[in-house]
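Each remark here refers to the structure printed beneath this line.
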Amino acid sequence: MSLLLIAPNRDLKPLSESLENIDPNLEVDIWPKVKNKDRVTFAVAWNHPKNVLGNYPNLKAVSSLGAGVNHLLNDESLPENVKLARLITPSLKNEMAEYVLQAVLAYRHHTTRYTDQKREAFWDKHKLIPKEESVVGILGFGEMGSSVADLLILNGYKVNTWSRSKKDYEGISSYSKDELNEFLNNTNILICTLPLTVETQGILDLELFKKLKKPAYLINAGRGQHLIEEDLIYAIDTGVLAGAWLDVFEEEPLPSNHLFWNRPKIMITPHIAAVTDSNEAAEQIIENYKRSLSGMEMVNSVDRKKGY
Ligand code: GLV
């Protein structure tokens, strides 16, 4: 039996070493070098080539190498009976929370504007966006969303959340699925930490931006496909949004001729908000590998119907 790691463009050596440190008897293959495809029972995949997972007839389970699983759900070669899991580690949650906090602070303190001004040797002051005009609203209140909420609450922000069902959680105002309009009407800084599903694809559009309280700002740390990119340009150019901070894009890497690069009010980071730590990942992967062999439910297992 072997465990296969598939993540092109990622150095998988540290992860395979961490796995072998925990369990020296483990057979680990790093795609595309697979000794015997019939022996592969478990795979760990990230941005894998489409439909490659269908090549392993004895595959029982697949873990994402991150929190998102849209790349697994989109793989039509994966039989229904193959179980799926996502990877949630403490550092992934902390990184995401810190990433969002710094984006909120940078927006309020005009950090990117001052960076641009420094380049031009230009001295100009801008008014700090007050906290009362910085009510945050988190779309998606799962593992990532709740971690973001905790850190923002700790920093004195008023936090709204939007999720399938209303949550009883200290320090937040929770809105359920059918209360999206009220949630938006009470939110200045909209943060997307949603999973990508048929329902959430394209949710960040002009109609939604218009419902936000002014001044309004967008932080997208979900998936690029949540956002209608041309609507964002229009919303920023017409003042519906004061700006946006994006970590994810419809096409990654973001093409060098993309309009976003030339917009000073759009901050861009290259999908680094939360990056899986190999040591932490290894423990969860081994746990799930063992569980999958004995037919037990995996940790952070994915409900294919829900899409996360
Ligand atoms: C990152 O995008 C992740 O899904 O972990």
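For ligands, and for the atoms within them, numbers begin at 1 and follow the listed sequence. For the single chain, residues carry numbers from 1 onward in sequence order.
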Open item on the list: Ring-plane angle category for Tyr114 and His110, please: parallel below 30°, perpendicular beyond 60°, tilted otherwise.
Closed with: perpendicular

Open item on the list: Tell me whether Glu133 is salt-bridged to Lys127, with the criterion being a basic N under 4.0 Å from an acidic carboxylate O.
Closed with: no

Open item on the list: Does this structure show an ion pair linking Asp116 with Arg113, if we count only N-O contacts that are shorter than 4.0 Å?
Closed with: no

Open item on the list: I need the contact residues for ligand 1: any residue with a non-hydrogen atom closer than 4.0 Å to the ligand, ordered by chain then number.
Closed with: Trp46, Gly66, Ala67, Gly68, Arg223, His271

Task: Glu287/Arg291 salt bridge by N-O under 4.0 Å criterion - done: yes

Task: Salt-bridge present (Asp237, Arg263; N to O < 4.0 Å) - done: yes

- [ ] Identify whether NZ of Lys or CZ of Arg in Lys131 sits under 6.0 Å from the centre of the six-membered ring of Tyr157 and within 45° of that ring's axis.
- [x] yes

